[in-house]
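Read through the structure below, which is laid out as C-alpha cells, and then see the notes.
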Amino acid sequence: MGVDAVYVVFPVLPEDLEGAVAAARTFNFLGVSITIPHKESVVGFCDELTAEAQMLGAVNTLQLLDGRVIGHNTDGQGFLRSLLEEKNFDVRDQKCAVIGAGGAAKAVIASIAAAGAADISIVNRSPERAKLAARVGGSVARVGVLEDVSNADLVVNATPIGMTGESEHLSPVPADVFSGGQVVADLIYKPSRTVLMSDAEARGASVMNGLGMLIHQAARQIEIWTGQEPPVAAMRVAVEGQ
Ligand code: NAP
C-alpha cells in the first residue's frame with residue numbers, strides 16, 4: 001500500500017492498559033487493534049467513541065488523530081462484509097437467529113439490525129444476557145428459543161463452542177435445527193470447519209466460518225488508519241497461509 005508503517009503485537013496486562021494507550025499517543029501511532037480481554041475496558045481511555053462503539057460499550061480499534069484517541073468497533077461491519085462477499089447474502093428483510101450474547105454477538109446484532117434485518121432472535125445459555133444483547137438490536141431484536149433457529153434465514157454462532165480445544169467436538173445447538181435454504185455462519189475460524197458447520201451443511205444449509213469476518217474487521221481498521229482501501233485478497237492469502 002506504500003504506507004511507511006509496521007504492524008506489531010504487544011501483549012498487555014489489564015493493569016497496564018491505560019499506560020499502553022498513553023504510550024500509543026506518545027509515540028504517535030497511526031492506530032491500535034484491541035483484542036481480548038481489553039475491548040470493553042479500553043472504552044474508558046478513549047477521548048471519543050463512534051456511535052457504534054458507544055452503543056456496544058466495546059472498542060476493537062483505536063485511531064490516533066491530532067493527539068486524540070478515537071475508539072471504533074469494526075467487528076459488525078467485518079461480519080456484514082464477509083457475509084456479502086462469501087454468500088452474497090443481504091440481511092435486509094431476513095429472519096436472523098444469533099446463538100450467544102457476548103461481545104461478538106452484540107456486534108453482529110447491531111450491524112444486522114442497522115442493515116435492515118426483519119427479525120433477530122437471540123438464543124443464549126443465560127436469558128438475562130440475551131435480553132441485554134437484544135437491546136443493541138432495537139425493535140427487531142428479542143430473546144429467542146431453538147425453534148427460532150430452525151425458522152431463520154440466517155443463523156450465526158457467536159459462542160466459542162466448537163473452537164479448537166475442549167469443545168472442538170461439540171455444537172451449541174442440535175443438528176436437526178438446520179435445513180436447506182439457510183445461510184449458517186460460525187464466527188469461529190479455528191478449526192476452519194466446526195461441528196455446527198458440518199451439521200448444517202449435511203442438512204443442506206450454506207455455511208461459512210469466521211475467517212472472513214476476521215479479515216474484513218481488520219481491513220476496515222486499515223481504511224480508518226490510512227484512508228486507503230486495503231488489499232483484502234492479499235490479506236486472505238496471508239491469513240490462510242498461517
Ligand atoms: P464472550 O463475550 O465471552 O461471549 C460468549 C458467549 O457464548 C456468551 O453468550 C456465553 O453464554 C456463550 N457460551 C460460552 N460458553 C458456553 C457454553 N459452554 N454453553 C453455552 N453457551 C456458552 O465471547 P465473544 O468475544 O463474544 O466471542 C464469541 C466467539 O466469537 C468466540 O469463538 C470468538 O473467537 C468468536 N469471534 C470471532 C471473531 C471473528 O472475527 N471471526 C470476532 C470476535 C469473536 P453466557 O452469556 O450464558 O455466558
Side-chain angles (χ1 to χ4, degrees), residues 14 33-43 52-53 55-61 72-87 97-112 120-137 141-146 148-149 154-174 177 183-197 207-222 230 232 235-236 238-240 242:
S33 301
I34 305 286
T35 190
I36 290 173
H38 302 307
K39 286 186 184 180
E40 289 174 0
S41 36
V42 79
V43 166
E52 194 166 21
M55 177 171 58
L56 296 171
V59 159
N60 77 337
T61 313
H72 299 250
N73 195 310
T74 67
D75 279 336
Q77 283 173 56
F79 174 72
L80 279 183
R81 287 184 182 189
S82 68
L83 193 59
L84 205 57
E85 182 189 66
E86 291 176 47
K87 299 293 168 195
V98 177
I99 307 162
K106 284 203 267 184
V108 167
I109 293 163
S111 66
I112 61 180
I120 306 172
S121 47
I122 296 126
V123 180
N124 191 48
R125 175 176 61 181
S126 325
E128 276 312 309
R129 257 186 118 190
K131 218 187 265 179
L132 288 176
R135 282 199 202 153
V136 305
R142 61 191 169 83
V143 178
V145 292
L146 266 188
D148 294 306
V149 177
L154 171 71
V155 180
V156 182
N157 175 33
T159 77
I161 303 171
M163 257 170 88
T164 300
E166 270 175 31
S167 70
E168 185 161 355
H169 302 292
L170 301 176
S171 167
V173 288
V177 297
V183 170
V184 176
D186 201 328
L187 300 192
I188 293 170
Y189 45 87
K190 274 187 187 158
S192 57
R193 193 176 179 76
T194 60
V195 172
L196 176 136
M197 288 167 64
V207 303
M208 59 187 268
N209 68 15
L211 202 59
M213 175 175 174
L214 179 74
I215 292 165
H216 281 285
Q217 60 81 31
R220 177 69 196 123
Q221 293 185 327
I222 295 171
V232 173
M235 291 169 72
R236 185 176 280 278
V239 168
E240 284 177 348
Q242 292 276 303

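One-based numbering, in listed order, for ligands and for the atoms of each. As the structure is a computational prediction, the values presented were derived from the model and not from experiment.
Close approach of ligand 1 to Ile188 (heavy-atom distance below 4.0 Å) involves ligand atoms 32 (O). Within ligand 1, counting atoms from 1 as listed, the ones closer than 4.0 Å to a heavy atom of Gly210 are 39 (C), 41 (N).
Remark: ligand 1 and Asn124 share an N or O pair separated by less than 3.5 Å (distance only, no angle test). Not a single N or O atom of Gln217, backbone or side chain, sits closer than 3.5 Å to an N or O atom of ligand 1.
Nearest to atom 7 (O) of ligand 1 by heavy-atom distance, out of Gly102, Gly100, Pro160, is Pro160.
Looking from atom 34 (O) of ligand 1 to the surrounding protein, the closest heavy atom is Met163 SD, 4.0 Å. Of the protein's heavy atoms, Arg125 NH1, 3.5 Å lies nearest to atom 18 (N) of ligand 1. When hydrogens are left out, the protein atom nearest atom 47 (O) of ligand 1 is Ser126 OG, 2.3 Å; that is the closest non-hydrogen contact. Here the heavy atom of the protein found nearest to atom 26 (O) of ligand 1 is Ala104 N, 2.8 Å. Protein heavy atom in closest approach to atom 37 (C) of ligand 1: Leu187 O, 3.3 Å.
With a 4.0 Å heavy-atom cut-off, ligand 1 is reached by no atom of Ser167.
Between the side chain of Asn73 and the backbone N or O of Glu52 there is no donor-acceptor pair closer than 3.5 Å.
In this structure, atom 41 (N) of ligand 1 has a protein heavy-atom contact shorter than 4.0 Å.
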